[in-house]
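Bear in mind the structure is a predicted one, so any value in this text is a computation, not a measurement.
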Amino acid sequence: MKKLPSSFLVLSFLLLISCQDALECIINKHPELSNQALSSAQVDQFYSDTITAQIKNEPSDDNYNYYFSIDGALPRGIDYYIDYRTIFLEGTPLVSGTYNFTVRLTVEQSDNYIEECENKLNDCDGLCGDTASQAYTLLVN
């Protein structure tokens, strides 16, 4: 039996799904959160750090809406606020300990970002995926 050339298999695959979706996943355009460790905090001293979001391999990542949620506990005295693509952690921690939390991110195309869609199965946001999550640890001494 004769083997099919790999290019034929790729072409068949692309015809079965949206070409745009396949290219998005090959290019690997997806939301991501910064994965650097948070700086340590000291009890009764002001603390500030940030967590940022972006869309990997997307030069127009400002053309998306970013929605965050935080699961887990922040230290008493530390609050967070969100400014577009950045989460700011600020305050004066009151109790020492190790605090673990997860930031979840969902993005969607903003109304002013227009893209042609040829396939009704495609959600037209230009992304391979639209969610991300990252676990963080904040150490308070």
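Here the straight-line distance linking atom CD1 of I87 with atom OH of Y80 works out to 7.5 Å at 0.5 Å rounding. Considering CG of L105 and CD of E32, their distance stands at 10.0 Å, rounded to 0.5 Å. Taking CG of D62 as the reference point, atom CD1 of I55 lies at 9.0 Å (rounded to 0.5 Å). In this structure, D83 CG and Y81 OH are separated by 7.0 Å, a value rounded to the nearest 0.5 Å. Taken to the nearest 0.5 Å, the OH atom of Y64 stands 10.5 Å off from the CG atom of D130. Note that OG1 of T131 is 13.0 Å distant from CD of E108, once rounded to the nearest 0.5 Å.
Across every non-hydrogen atom of F68 and Y84, the tightest pair is CE1-O, 3.4 Å. Q134 and N35 make their closest contact through NE2-CB, 3.8 Å (heavy atoms, listed as atom of the first residue, atom of the second, distance). Nearest heavy-atom pair across Y136 and Q36 is CE2-O, 4.0 Å. In terms of heavy atoms, T50 sits closest to L38 at O-CD2, 4.3 Å. For the residue pair Q42 and P93, the shortest heavy atom distance occurs at O-CG, 3.3 Å.
Following chains of ILVMFWY side-chain contacts shorter than 4.5 Å, one cannot reach Y67 starting from V107, and the two form parts of different hydrophobic clusters. Taking hydrophobic clusters as Ile, Leu, Val, Met, Phe, Trp and Tyr residues chained together by side-chain heavy-atom distances below 4.5 Å, L74 shares a cluster with L33. Following chains of ILVMFWY side-chain contacts shorter than 4.5 Å, one can reach L138 starting from L94, so the two form part of one hydrophobic cluster. The cluster map of Ile, Leu, Val, Met, Phe, Trp and Tyr, joined by side-chain heavy atoms under 4.5 Å apart, puts I78 and F88 in different clusters. Taking hydrophobic clusters as Ile, Leu, Val, Met, Phe, Trp and Tyr residues chained together by side-chain heavy-atom distances below 4.5 Å, I51 does not share a cluster with F46.
Between the R104 side chain and the S69 main chain, no donor and acceptor come within less than 3.5 Å of each other. Remark: side-chain polar atoms of Y47 are paired, donor with acceptor, to backbone N or O of S39 under 3.5 angstrom. Distance alone, capped at 3.5 Å, is enough to place a donor-acceptor pair between the S34 side chain and the T52 backbone.
Y99 meets the ring-ring contact (aromatic ring centres under 6.0 Å, His included) test with no other residue; sequence neighbours excluded. Remark: T102 engages no residue in a side-chain hydrogen bond (donor to acceptor under 3.5 Å, both in side chains) (not counting sequence neighbours).
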>> As a quick check of understanding, evaluate side chain to side chain contact (heavy atoms under 4.5 Å, CB included) for L89 and F101, giving each step before the final call.
In response: CA-CA 12 Å; L89 303 170; F101 60 95; 4.1 Å; yes
>> What verdict does the side chain to side chain contact (heavy atoms under 4.5 Å, CB included) test give for N141 and S96, after you've listed the backbone C-alpha separation in whole Å, the side-chain angles of each residue and the deciding distance to 0.1 Å?
In response: CA-CA 5 Å; N141 298 314; S96 64; 5.8 Å; no
